[in-house]
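The analysis underlying the following values was restricted to heavy atoms, covering all of them including side chains, and did not include hydrogens, waters or symmetry mates. All values reported here derive from a predicted model rather than from experimental measurement.
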Amino acid sequence: MKVKKLLFLPAIALLSLMYACSNDSMTLEPIAEPNAQISALSMSRNISSLSAYFGDNIDFNNLPNYANQNIPMYIFRNNIPFINRITNEGATLGRVLFYDKKLSSNNTVSCSSCHKQELAFGDNNVASQGVNGTTGRHSMRLINVRFAEEARLFWDKRAASLDSQTTIPIKDHVEMGYSGKNGAPSFDNLITKLQGLEYYKDLFTRAYGSPEITEEKMQKALAQFVSSIISFDSKYDEGRTMSGSDFLDFPNFTAEENLGKKLFLEFPVAVRGTRAGGGFGCASCHLASEFGMSALSGNNGVIDKIGSTDIDLTVTNSPSMRDLVNSNGQPHAPMMHSAVFSTLEQVIDHYNNIPQDPRNNKLDNNLRLRGLNATPEEKKAVIAFMKTLTGKNVYKDKKWSNPFIN
């Protein structure tokens with residue numbers, strides 16, 4: 001028996017090594033058993049030391065469920081590649097990175113500074129405060145990012161994927177400061193800095209089987225955490241589950257909310273360039289049931305820049321329409337890339353009569369009607385429907401909260 005056991009163990013070790021090498025050559029996806037290389041005693045000591053930073057905000061013996069959350073059957077769009085599937089270890093690392101102010105050059109700004117959980121991971125400031133000034137655009141909310149048809153990120157879609165987007169703010173000279181410009185530290189300086197922090201050695205080992213820190217590993221972990229931020233417990237979701245179709249009246253909706261849903265979903269009937277009936281066509285850009293952005297969207301007629309008379313025609317993206325308002329029906333923050341609107345009434349009035357600015361040659365084709373001719377009752381109904389898209393759990397779930405004690 002002893003001989004057989006000695007022969008068997010090296011074989012297992014060899015197979016494990018071959019699998020790990022094969023896996024690393026294909027992807028940086030967190031390994032299935034990230035603690036296999038760490039002894040029980042070592043793990044116990046590491047958990048004890050990590051508690052100094054995180055207390056009971058993270059239970060490393062019982063990580064939150066990021067990997068297998070319940071997604072409704074009627075949600076089918078998903079722009080996150082399978083090579084970076086969410087794991088509990090990877091998303092936990094991403095959570096720490098997301099809230100860690102040490103990712104900024106002066107240790108004052110984290111991703112969460114501009115994306116606050118209580119505000120649907122948005123910002124109530126017109127422009128967000130960075131280490132070297134304020135941002136040029138209003139911060140986008142991060143609810144259900146992975147369920148938009150549009151996989152590109154930022155207002156101007158300049159990031160090809162969520163993975164690549166995650167470290168762009170860190171490298172931005174104004175936002176988090178690791179730009180390598182004008183005497184500022186570079187991203188390599190940040191990696192050296194993080195390698196000196198004990199908790200990252202353990203967190204990267206848990207996620208990737210090695211304490212080595214690279215930009216790609218950081219990107220994937222941050223993307224996993226942001227991808228995990230979902231909201232599917234709204235009044236809309238309750239009604240959608242009951243009815244089985246977006247185009248049927250929801251039994252839990254008021255008559256006004258059902259009218260608003262109908263107006264949101266249906267295309268307008270146009271006569272001589274003006275709406276004469278039908279809906280508002282909102283869903284042509286904000287696709288139901290995810291209410292994320294269409295990949296074919298153009299400019300929405302808001303072309304101003306924050307604090308400037310210059311125009312910005314590159315803005316063709318939008319965050320999800322979900323969780324635009326709080327539980328009281330008030331917007332979490334100013335809306336649009338320039339934070340130009342503070343109420344839903346102002347937003348509807350904008351779309352009811354899109355400014356026909358001759359400088360705007362990027363206006364979305366769906367917005368070229370001269371007017372929606374919306375009645376006061378129709379405006380109120382659409383606003384009532386938009387308020388049904390707000391959930392509850394995303395604002396209070398501990399797994400998306402700040403893990404640091406201090």
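- A donor-acceptor pair shorter than 3.5 Å cannot be found between the side chains of W155 and T314.
- The side-chain contact (heavy atoms from CB on, under 4.5 Å) search around R158 returns R137, F154, D156, I168, not counting sequence neighbours.
- For K193, the NZ atom counts as densely surrounded, since its 6.0 Å shell holds more than 12 non-hydrogen atoms of other residues, nucleotides or ligands.
- The only member of Y53, F54, Y99 that meets ring pair (Phe, Tyr, Trp, His ring centres under 6.0 Å) when paired with F404 is F54.
- With contacts defined as side-chain heavy-atom distances shorter than 4.5 Å, the pair Q224/Y66 does not qualify.
- In this structure, the side chains of F225 and T166 stay at 4.5 Å or more apart for every pair of heavy atoms.
- Side chains of F147 and S320 form no contact here, defined as non-hydrogen atoms less than 4.5 Å apart.
- Using a 4.5 Å heavy-atom threshold, the side chains of M242 and N252 count as touching.
- Residues that satisfy the side chain to side chain donor-acceptor pair (under 3.5 Å) test with E198, not counting sequence neighbours, are K201.
- A search for side-chain contact (heavy atoms from CB on, under 4.5 Å) contacts involving Q330 returns N326, not counting sequence neighbours.
- Judged as a salt bridge (charged side-chain N to carboxylate O under 4.0 Å, His left out), the pairs with a partner in residues 333-361 (not counting sequence neighbours) are, in order, D349-K379, D357-R359.
- At least one side-chain heavy atom of Y351 sits less than 4.5 Å from a side-chain heavy atom of N300.
- Scanning for side-chain contact (heavy atoms from CB on, under 4.5 Å) contacts around L287 gives R77, E149, S294, with sequence neighbours left out.
- Residues meeting the salt bridge (charged side-chain N to carboxylate O under 4.0 Å, His left out) test with K171, sequence neighbours left out: E215.
- The stretch residues 227-237 participates, sequence neighbours left out, in these salt bridge (charged side-chain N to carboxylate O under 4.0 Å, His left out) pairs: K235-E257, D237-R322.
- The salt bridge (charged side-chain N to carboxylate O under 4.0 Å, His left out) contacts involving residues 243-255 comprise R240-D246, where partners must be two or more places apart or lie in separate chains.
- In this structure, the side chain to side chain donor-acceptor pair (under 3.5 Å) partners of D304, at least two apart in sequence or on a different chain, are S338.
- In this view, T309 satisfies the side-chain contact (heavy atoms from CB on, under 4.5 Å) rule with no residue, not counting sequence neighbours.
- With sequence neighbours left out, the side chain to side chain donor-acceptor pair (under 3.5 Å) criterion links N258 to no other residue.
- Salt bridge R275/E266: absent, no basic N to carboxylate O contact under 4.0 Å.
- Between T108 and N106, the side chains place a donor N or O and an acceptor N or O closer than 3.5 Å (distance only, hydrogens not considered).
- Put simply, the side chain of F253 reaches to within 4.5 Å of the side chain of F385, judged on heavy atoms.
- Between F291 and P319 there is no side-chain heavy-atom pair separated by less than 4.5 Å.
- Counting heavy atoms from C-beta outward, R206 and L93 have side chains that stay 4.5 Å or more apart.
- Between atom NE2 of residue H337 and atom CD1 of residue I306 there is a gap of 7.5 Å, rounded to the nearest 0.5 Å.
- Y236 and Y74 have perpendicular rings, their planes meeting at more than 60° on a 0 to 90° scale where under 30° would count as parallel.
- Within a 6.0 Å radius of NZ in K262, no more than 12 heavy atoms belonging to other residues, nucleotides or ligands are found.
- For S401, the side chain to side chain donor-acceptor pair (under 3.5 Å) partners two or more places apart in sequence, or in a different chain, are R95.
- For K217 and F204, the positive end is not near the middle of the six-membered ring at less than 6.0 Å and at most 45° from its axis.
- Under 3.5 Å, the side chains of T192 and N189 contain no donor-acceptor pair of N or O atoms.
- In this pair, F264 and H286 present their aromatic rings tilted. The plane angle is within the 30 to 60° band.
- In summary, the side chains of S297 and K157 do present a donor paired with an acceptor at a separation below 3.5 Å, with no hydrogens or angles considered.
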